[in-house]
Amino acid sequence: MHRSVTDQPVAALTARPLPASLPEARAAIDEVDAALAALLEYRAGLTERVQQLKPVGGSAGRDPDRETEIVTGMARRAPRLGAERLRRIMTAVIEESLDLAERGASTTR
């Protein structure tokens, strides 16, 4: 069974109060960045798998409706960031993940 990555680890990070000092704030950012790196790595692997499963992969197989759905869902979860900012972020994530998948990243691991 697939466990949601929004379960405990992310909730534990985001439920914490904001740090009181600069060193604590920087340490918290480092922790979030480590989690983001792990999630982006996992997402890139998922993108590669999706490309293998789709009849038309790569940029030709991009689904604008699906990308809009992703951004809309993220904007609900992160309203402070807003849909437009998240669209720019996710466009970069999607394009870089597709580039990695097209280059056959799994063969270089």
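Note that the coordinates shown come from a computational prediction; the quantities given were computed from them, not determined experimentally. Just so it is clear, the values below take in all heavy atoms, side chains as well, and ignore hydrogens, waters and symmetry mates.
- Between the side chain of Glu96 and the backbone N or O of Ala92 there is no donor-acceptor pair closer than 3.5 Å.
- Cluster membership for Val93 and Leu86, using ILVMFWY side-chain heavy atoms within less than 4.5 angstrom, is shared.
- In this structure, Pro19 and Ala28 approach most closely via the heavy-atom pair CG-CB, 3.9 Å.
- The shortest distance between side-chain heavy atoms of Arg66 and Ile70 falls below 4.5 Å.
- Put simply, the side chain of Glu95 reaches to within 4.5 Å of the side chain of Arg62, judged on heavy atoms.
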What verdict does the side chain to side chain contact (heavy atoms under 4.5 Å, CB included) test give for Ile94 and Arg43, after you've listed the backbone C-alpha separation in whole Å, the side-chain angles of each residue and the deciding distance to 0.1 Å? CA-CA 9 Å; Ile94 290 164; Arg43 191 189 194 291; 3.9 Å; yes
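- By the salt bridge (Lys or Arg N to Asp or Glu O under 4.0 Å) test, Arg76 is found to be paired with no residue, residues two or more places apart in sequence or in another chain being considered.
- Salt bridge annotation for Glu31-Arg16: present, with a cationic side-chain nitrogen under 4.0 angstrom from a carboxylate oxygen.
- In this structure, Leu40 is a member of the same hydrophobic cluster as Val71, with clusters built from ILVMFWY side-chain heavy atoms closer than 4.5 Å.
- The pair Asp30-Arg26 does not meet the salt-bridge criterion, since no charged nitrogen lies less than 4.0 angstrom from a carboxylate oxygen.
- Atoms CD and CD1, from Glu84 and Ile89 in turn, are 10.5 Å apart once rounded to the nearest 0.5 Å.
- Rounding to the nearest 0.5 Å gives a distance of 11.0 Å between CD of Gln52 and OG1 of Thr47.
- The environment of Arg88 atom CZ is dense: over 12 non-hydrogen atoms of other residues, nucleotides or ligands sit within 6.0 angstrom.
- Although no hydrogens or angles enter the test, the distance criterion places no donor-acceptor pair under 3.5 Å between the side chain of Arg49 and the main chain of Gly45.
- For Leu36, the CG atom is densely surrounded, since the number of other residues' heavy atoms within 6.0 Å is greater than 12.
- A salt bridge is absent between Arg103 and Glu48: the closest approach of a Lys/Arg side-chain nitrogen to an acidic carboxylate oxygen does not fall below 4.0 angstrom.
- Considering CD1 of Ile29 and CD of Glu24, their distance stands at 12.5 Å, rounded to 0.5 Å.
- Nearest heavy atom pair, residue Ser97 against residue Ala44, reads OG-CA, 4.0 Å.
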